[in-house]
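Read through the structure below, which is laid out as structure tokens, and then see the notes.
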Amino acid sequence: MRELLQQTIPSLTDDACDKFVAYYALLIDWNTRMNLTAITEPEEVVKKHFLDSLAALPYLKPGAKVADVGTGAGFPGIPLLIVRPDLKMTLVDSLQKRIGFLQTVLQTLGLQAQTVHARAEDFGRNPLYRASFDAAVSRAVAQLPILLELTVPLLKVGGKAICYKGDALEERKNASHAEHVLHTVCETVSVPSDYGVRSLLIYTKNAPTPAIYPRKAGTPSKNPL
Ligand code: SAM
């Protein structure tokens, strides 16, 4: 695992390598008792989970307050935090078991992050969190019109929703209404990869989100914008 990490992500410090090795061990161990990931083979984990998660690094300002919405086993939030411990990371997921796993990962790796067990819809209506983040990152959680409703309300004006996706054109096909009503401007970045087409869709919020969004839990996916 260490050699694979050094070959695939040569910029990693020894300390970051140690943390990724420990994260991998926990992921594989806990995966025998709960459903965390279908990807377990070392090379695939390094490329499709660890390296893929780091794609947003250039778009996160020093000390940025970041929400990882639907983090699951911690992607992309934990790899970002390993490499950038300056980030003020909040990991959000609706499954309590996964939050338990993430707390063990944070403690074992000696990382600081907030974990929140919540539906993103409720999280985004909570005045403690709404309009308070510089960035929201999210991977493999929902189609774009749904995902924008879950993430954009969390952002300060000027903040960025960074959506990890496959083909950007395909993903944006049905998102123009959501992009418009949530007052966002989109920039797409293609991510070099040898494991399929990957892109980041980066939405900058340019005005406050109307109070009706996000709608109550379940509505964004039943009736997408
Ligand atoms: N982001 C991780 C990754 O890339 O491996 C996990 C992806 S997994 C397919 C989707 C995760 O999103 C699950 O852990 C699920 O519990 C969470 N999720 C889905 N809808 C959610 C919602 N409305 N609010 C919070 N979490 C949600």
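FYI, the numbering just counts along the sequence from 1. Every value quoted in this text rests on a predicted model; they were computed, and no experiment measured them. Atoms within a ligand are numbered from 1 in the order they appear, just like the ligands themselves.
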[X]: numbered ligand 1 atoms lying under 4.0 Å from its heavy atoms:
X	result
F75	1 (N), 2 (C), 3 (C), 4 (O), 5 (O)
E121	23 (N)
R139	1 (N), 2 (C), 3 (C), 4 (O), 5 (O), 7 (C)

- Message: For the 3.5 Å polar cut-off, considering only N or O atoms, please tell me whether H49 and ligand 1 meet it.
- Response: no
- Query: Is there any N or O on G70 that sits under 3.5 Å from an N or O of ligand 1?
  - Reply: yes
- Check whether any heavy atom of A118 sits under 4.0 Å from an atom of ligand 1.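 A118: in contact with ligand 1 (<4.0 Å).
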- Answer with yes or no whether T71 contacts ligand 1, where contact means a heavy atom under 4.0 Å from a ligand atom. yes
- Task: Determine the interplanar angle of the F50 and F75 rings, folded into 0 to 90°, and report it as parallel if under 30°, tilted if 30 to 60°, perpendicular if over 60°.
- Result: tilted
- Is a salt bridge present between E179 and R172, judged by a nitrogen-to-oxygen distance below 4.0 Å?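 Looking at R172 together with E179, the answer is yes, because their closest N to O distance falls below 4.0 Å.
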Establish, from distance only, whether the side-chain atoms of [X] and [Y] form a donor-acceptor pair under 3.5 Å.
X	Y	result
T115	Q103	yes
T184	K205	no
H49	T37	yes

Using heavy-atom distances only, which candidate in [options] approaches [atom] most closely?
atom	options	value
atom 27 (C) of ligand 1	P214, S94, G218	S94
atom 10 (C) of ligand 1	A140, G72, A120, S53	A140
atom 20 (N) of ligand 1	V141, I99, D52	V141

- Is K47 positioned over the aromatic face of Y195, cation under 6.0 angstrom from the ring centre and no more than 45 degrees off axis? no
- Check whether any side-chain heavy atom of V191 lies under 4.5 Å from a side-chain heavy atom of L200, and answer yes or no. yes
- Message: Nearest 0.5 Å, please: how far is CZ in R98 from CG in L95?
- Response: 4.5 Å
- Task: Among all protein heavy atoms, pick out the one at the shortest distance from atom 13 (C) of ligand 1; state its residue, atom name and that distance to 0.1 Å.
- Result: R98 NH1, 3.2 Å
- Task: Identify the protein heavy atom lying closest to atom 17 (C) of ligand 1, giving its residue, its atom name and the separation to 0.1 Å.
- Result: D93 OD2, 3.3 Å
